[in-house]
**Q** 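Can you read through this structure? Questions will come right after.
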Amino acid sequence: MATVLSEQEVLRRQNMQTLKEMGVNPYPAAEYPTDAFSTEIVESFRDDDETVREVCIAGRMMSRRIMGKASFVELKDSKGRIQVYITRDDLCPGEDKALYNVVFKKLLDLGDFIGVKGFVFRTQTGQVSVHCKELTLLSKSLKPLPVVKYKDGVAYDAFEDPELRYRQRYVDLIVNEGVKETFEKRSKVIKTMRRVLDEAGYTEVETPILQSIAGGASARPFITHHNSLDIDLYMRIATELYLKRLIVGGFEGVYEIGKNFRNEGMDRNHNPEFTCMELYVQYKDYNWMMSFTEKLLEEICVSVNGKPETEIGGNVISFKAPFRRLPILDAIKEKTGYDLGPMTEDEIRDVAKKCGVETDASMGKGKLIDEIFGETCEGTFIQPTFITDYPVEMSPLTKMHRSKPGLTERFELMVNGKEVANAYSELNDPIDQEERFREQMRLADKGDDEAMIIDQDFLRALQYGMPPTSGIGIGIDRLVMLMTGQTQIQEVLFFPQMKPRKAAAEQNTEAEPEDE
């Protein structure tokens with residue numbers, strides 16, 4: 001089906017063709033020698049500087065005010081925005097004024113990339129600007145950008161619809177202030193995390209994304225087919241079992257920052273493709289990992305926000321160590337009044353019903369406790385809190401608690417009502433691990449489609465001996481949400497998964513350009 005162009009798109013294509021006929025290449029291939037950025041120019045300008053600074057800048061033309069022989073342009077580069085002052089006689093010192101009267105005034109459009117050579121000065125209104133002496137078209141924009149107009153305090157034609165913003169992130173980044181800053185902070189979160197881990201002496205590694213067994217977590221996997229091997233493979237749901245193989249192999253500490261994939265629901269806190277950091281360190285336990293996590297997150301928060309606090313959804317959250325530590329059964333008792341510790345599976349199921357928690361026959365004791373905690377407790381922990389000592393049924397890869405029978409040495413970090421991290425003293429007894437896997441298979445037989453599959457090669461690795469080890473997984477996307485004050489995960493993902501777009505959504509959504 002042929003694409004239907006809007007009136008503005010037709011006009012821009014006509015302008016492009018006219019430029020070509022005039023000998024102006026709308027997409028030149030040569031390097032453009034920029035030597036400055038908008039923000040640096042403004043910050044470094046001094047009125048008492050006797051030397052006139054010459055600069056060469058480039059960026060997208062976001063607005064234009066034409067006043068006869070002179071014009072003002074707002075140029076947006078990768079750092080920010082700056083005003084450019086253009087006069088006809090500076091641009092065209094000779095008799096031929098076509099470059100200004102025809103090319104600049106009529107054939108250039110908002111959104112075009114231009115290069116400007118000139119000098120820096122301050123206008124009579126006090127604005128630091130660049131006085132253009134030479135202008136070059138670097139790239140023609142064939143679609144008009146949304147331009148926000150205000151009338152009686154109300155914004156019109158703003159690019160605010162979430163679905164359009166997520167589908168067309170490139171437009172969102174161009175026109176909406178603060179979006180790029182969120183993703184720059186995301187980059188800083190990951191850089192700081194990597195720096196802290198590297199300085200601690202741990203090795204960054206890469207493990208397979210396509211795996212023969214979806215292990216290391218309780219989740220529903222994506223399945224694909226390997227044509228050459230003629231076998232089905234799973235997109236990994238976690239990196240855990242491969243990283244622990246490396247601990248068996250002799251690494252002191254290993255970590256991986258990468259994508260995991262879980263074929264589950266989507267909402268403001270979940271995306272089926274997500275970024276996770278997993279770390280495993282030999283000769284450590286979950287108590288050490290809690291202390292290390294406090295240090296790591298406090299340093300990340302200071303790096304991103306300049307202080308150990310962040311604000312999200314009206315809550316001021318402090319990552320200043322230490323964090324509260326609370327056993328999960330105590331948390332449930334604190335919030336509901338029920339002591340689940342000595343209860344049988346049937347008694348816990350009855351408590352779930354009394355608490356309004358939906359259950360099904362596939363849920364064992366651990367899954368029931370997990371559901372009760374999730375529905376009645378999880379959302380109440382706003383400040384960073386380590387929920388510790390989970391029942392063994394909930395933790396098939398975790399070492400048994402050294403002093404609390406039936407419990408394991410595991411914690412989950414809750415912040416702003418959501419899980420951000422999950423960590424263990426790792427189970428390194430191969431006999432115990434095999435039985436835990438078999439219990440997972442029994443849950444699968446009852447209908448639990450998130451139960452783990454037995455990984456025989458991982459059991460073989462454990463039989464060679466794995467030293468006492470602590471491991472943690474931290475959800476990067478949720479951590480970035482906290483550090484940037486975002487309440488929806490889609491705001492911290494460049495290109496989140498979306499439902500297929502309906503035909504109606506294919507219509508043009510661009511606003512008319514601003515009057516020039």
**Q** May I ask you to decide if M414's main-chain N or O and E419's side chain share a donor-acceptor pair within less than 3.5 Å?
**A**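 Such a contact is absent between E419 side chain and M414 backbone.
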
**Q** Check step by step if salt bridge (Lys or Arg N to Asp or Glu O under 4.0 Å) holds for E435 and R438.
**A** CA-CA 5 Å; E435 179 53 37; R438 296 197 183 282; 5.3 Å; no

**Q** What I'd like to find out is whether the side chain of D230 reaches to under 4.5 Å of the side chain of H225, using heavy atoms alone.
**A**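 In contact.
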
**Q** Apply the test salt bridge (Lys or Arg N to Asp or Glu O under 4.0 Å) to residues R81 and E74: give CA-CA distance (whole Å), side-chain angles for both, the deciding distance (0.1 Å), then the verdict.
**A** CA-CA 7 Å; R81 302 186 184 215; E74 184 182 44; 3.0 Å; yes

**Q** Going by atom types only, do D77 and S38 share a side-chain donor-acceptor pair under 3.5 Å?
**A**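 Present: a donor and an acceptor within the cut-off.
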
**Q** With distance as the sole test, does T385 use its side chain to make a donor-acceptor pair with the main-chain N or O of Q383 at under 3.5 Å?
**A**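 Checked: pair present.
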
**Q** Report yes if some heavy atom in the side chain of M62 is under 4.5 Å from a heavy atom in the side chain of L75; otherwise report no.
**A**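 In short, these two side chains do not touch, never coming nearer than 4.5 Å.
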
**Q** How close do N260 and A238 get, heavy atom to heavy atom, and via which atoms?
**A**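 Minimum heavy-atom contact is ND2-CA, 3.7 Å.
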
**Q** Passes salt bridge (Lys or Arg N to Asp or Glu O under 4.0 Å), R167 versus E163? Steps please.
**A** CA-CA 6 Å; R167 290 188 190 280; E163 182 169 334; 3.1 Å; yes

**Q** Do E491 and Y166 have side-chain atoms, one donor and one acceptor, less than 3.5 Å apart?
**A**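 Yes, Y166 and E491 have a side-chain donor paired with an acceptor closer than 3.5 Å.
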
**Q** To the nearest 0.5 Å, tell me how far D339 CG sits from I332 CD1.
**A**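 Rounded to the nearest 0.5 Å, the CG-CD1 separation comes to 9.5 Å.
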
**Q** Does K365 reach the main-chain N or O of M343 with its side chain, forming a donor-acceptor pair under 3.5 Å?
**A**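 Judged by distance alone, yes, a pair lies under 3.5 Å.
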
**Q** Please check if the distance between the ring centroids of F411 and F386 is under 6.0 Å.
**A**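 Yes, they do, as the ring centres are separated by less than 6.0 Å.
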
**Q** Quick one: list whatever passes ring pair (Phe, Tyr, Trp, His ring centres under 6.0 Å) with Y424, sequence neighbours left out.
**A**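 Applying ring pair (Phe, Tyr, Trp, His ring centres under 6.0 Å) to Y424 gives none.
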
**Q** Quick one: closest heavy-atom pair of R169 and F495, and the distance?
**A**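 Taking every non-hydrogen atom into account, CB-CE2, 3.7 Å.
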
**Q** Which atom names give the shortest non-hydrogen contact between A214 and I237, and what distance separates them?
**A**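 Heavy atoms only, the tightest pair is O-CD1, 3.8 Å.
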
**Q** Which heavy atom in K180 sits nearest to a heavy atom in K79, and how many Å separate them?
**A**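 In this case the closest contact between K180 and K79 is NZ-N, 4.4 Å.
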
**Q** Decide yes or no on salt bridge (Lys or Arg N to Asp or Glu O under 4.0 Å) for R245 and D457, but give the supporting numbers first.
**A** CA-CA 9 Å; R245 285 171 168 92; D457 183 69; 2.9 Å; yes

**Q** At what distance, to the nearest 0.5 angstrom, does CG of D455 lie from CG of L462?
**A**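 Atom-to-atom, D455:CG and L462:CG are 9.5 Å apart.
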
**Q** Should V392 and H401 count as side-chain neighbours, where that means a heavy-atom distance under 4.5 Å?
**A**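 A side-chain contact under 4.5 Å is absent here.
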
**Q** Check salt bridge (charged side-chain N to carboxylate O under 4.0 Å, His left out) between K185 and all other residues, then give those that pass, not counting sequence neighbours.
**A**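 K185 satisfies salt bridge (charged side-chain N to carboxylate O under 4.0 Å, His left out) with E181 only.
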
**Q** If we only count heavy atoms from C-beta on, is the N305 to M483 side-chain gap below 4.5 Å?
**A**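 Yes - at least one pair of side-chain heavy atoms lies under 4.5 Å apart.
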
**Q** Could you go through the side chain to side chain donor-acceptor pair (under 3.5 Å) check for Y338 and D350 one step at a time?
**A** CA-CA 11 Å; Y338 293 103; D350 289 339; over 6 Å; no

**Q** Backbone N or O of K143 within a donor-acceptor pair of the S141 side chain at under 3.5 Å?
**A**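 A pair under 3.5 Å: yes.
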
**Q** Can you run down the side chain to side chain donor-acceptor pair (under 3.5 Å) pairs that involve residues 306-319, sequence neighbours left out, and say none if there aren't any?
**A**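 Sorted result for residues 306-319: N315-N416.
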
**Q** Out of curiosity, L297 CG to I317 CD1, how far, rounded to the nearest 0.5 Å?
**A**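 The CG atom of L297 sits 11.5 Å away from the CD1 atom of I317.
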
**Q** Does the pair E204/R194 count as a salt bridge with the N-to-O cut at 4.0 Å?
**A**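 Yes, charged N to carboxylate O under 4.0 Å.
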
**Q** Could you tell me if the side chain of I474 sits less than 4.5 Å from the side chain of L296, heavy atoms only?
**A**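 Yes; the side chains approach each other to less than 4.5 Å.
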
**Q** With no hydrogens and no angle check, just 3.5 Å: does a side-chain donor-acceptor pair link E240 and Y242?
**A**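 On atom types as modelled, these side chains do not qualify, holding no pair under 3.5 Å.
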
**Q** Does a donor on one side chain and an acceptor on the other come within less than 3.5 Å for T469 and Q282?
**A**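 Distance-only check fails for T469 and Q282.
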
**Q** Do S362 and D360 have a side chain donor and acceptor closer than 3.5 Å?
**A**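 Result is yes, a qualifying pair exists.
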
**Q** A side-chain contact here means heavy atoms from C-beta on lying under 4.5 Å apart; do M466 and L427 qualify?
**A**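 They are not in contact (no side-chain heavy atoms under 4.5 Å apart), so the answer is no.
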
**Q** Could you state the interatomic distance from CD (E371) to SG (C355), rounded to the nearest 0.5 Å?
**A**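 It is 12.5 Å, given to the nearest 0.5 Å.
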
**Q** Any salt bridge between D477 and R186, counting N to O under 4.0 Å?
**A**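 The answer is yes: the pair qualifies as a salt bridge.
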
**Q** If the condition is side-chain contact (heavy atoms from CB on, under 4.5 Å), which residues does T380 pass it with, not counting sequence neighbours?
**A**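 Here the qualifying residues are K335.
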
**Q** May I ask you to say whether E409 pairs ionically with R402, meaning some side-chain N is under 4.0 Å from a carboxylate O?
**A**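 Result for this pair is yes, salt bridge flagged.
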
**Q** Does the plane of the ring in F381 sit parallel, tilted or perpendicular to the ring in F373? Use 30° and 60° as the thresholds.
**A**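 Correct class here is parallel.
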
**Q** Hydrogens and angles aside, do E412 and Y390 bring a side-chain donor and acceptor to less than 3.5 Å of each other?
**A**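 A donor-acceptor contact under 3.5 Å links the two side chains.
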
**Q** For the residue pair D232 and H226, confirm or rule out a side-chain donor-acceptor distance under 3.5 Å.
**A**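 No - no donor-acceptor pair under 3.5 Å links their side chains.
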
**Q** Once you round to the nearest 0.5 Å, how far does CD1 of I300 lie from CD1 of I476?
**A**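 Here the interatomic distance stands at 7.0 Å.
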
**Q** Is the backbone N or O of V179 less than 3.5 Å from a side-chain atom of N176, with the two atoms forming a donor-acceptor pair by type?
**A**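 Checking the backbone N and O of V179 against the side chain of N176, no donor-acceptor pair under 3.5 Å is found.
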
**Q** Using only atom types and a distance under 3.5 Å, with no angle test, would you say the side chain of R349 pairs donor to acceptor with the backbone of T344?
**A**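 Here the side-chain-to-backbone pair does not exist.
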
**Q** Does any N or O in the side chain of T224 come within less than 3.5 Å of the main-chain N or O of L233, such that one atom is a donor and the other an acceptor?
**A**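 Not a single qualifying donor-acceptor pair exists.
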
**Q** Could you report the tightest heavy-atom contact between S395 and R436, atom names first, then the distance?
**A**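 Heavy atoms of S395 and R436 come nearest at O-NH1, 2.8 Å.
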
**Q** Among all residues two or more places apart in sequence or in another chain, which pass the ring pair (Phe, Tyr, Trp, His ring centres under 6.0 Å) test with F494?
**A**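 Result, ring pair (Phe, Tyr, Trp, His ring centres under 6.0 Å) vs F494: F183.
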
**Q** For Q490 and N271, does a side-chain donor sit closer than 3.5 Å to a side-chain acceptor?
**A**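 The answer is no; no qualifying pair exists.
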
**Q** Any side-chain heavy-atom pair from P384 and F319 closer than 4.5 angstrom?
**A**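 Answer yes - side chains close enough.
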
**Q** Nearest 0.5 Å, please: how far is CD1 in I472 from CG in L413?
**A**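 Taking CG in L413 and CD1 in I472, the distance rounds to 7.5 Å.
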
**Q** Between R236 and E206 (salt bridge meaning N to carboxylate O under 4.0 Å), is one present in this structure?
**A**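 No.
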
**Q** Could you check K284, R410, K244 and say which one makes a salt bridge (Lys or Arg N to Asp or Glu O under 4.0 Å) with E426?
**A**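 Single salt bridge (Lys or Arg N to Asp or Glu O under 4.0 Å) partner of E426 among K284, R410, K244: K244.
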
**Q** If the condition is ring pair (Phe, Tyr, Trp, His ring centres under 6.0 Å), which residues does F292 pass it with, not counting sequence neighbours?
**A**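 For F292 the ring pair (Phe, Tyr, Trp, His ring centres under 6.0 Å) partners, ignoring immediate neighbours, are W288.
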
**Q** I'd like to check L407 versus L329 (side-chain heavy atoms, cut-off strictly below 4.5 Å). Are they in contact?
**A**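 Yes. Closest side-chain heavy atoms under 4.5 Å.
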
**Q** So, E256 side chain and T207 main chain: donor-acceptor pair closer than 3.5 Å or not?
**A**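 Here the side-chain-to-backbone pair exists.
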
**Q** Can any side-chain N or O of E264 pair as donor or acceptor with the backbone N or O of R220 at less than 3.5 Å?
**A**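 It does hold such a pair.
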
**Q** Determine the minimum heavy-atom distance between P221 and Y234, stating which atoms define it.
**A**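 Closest approach of P221 to Y234, heavy atoms only: CG-CD2, 3.5 Å.
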
**Q** Quick one: does any side-chain atom of R478 pair with a main-chain N or O of N269 as donor and acceptor, under 3.5 Å?
**A**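 A pair under 3.5 Å: yes.
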
**Q** Is it true that T192 and S303 share a donor-acceptor pair across their side chains at a distance under 3.5 Å?
**A**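 The answer is yes; a qualifying pair exists.
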
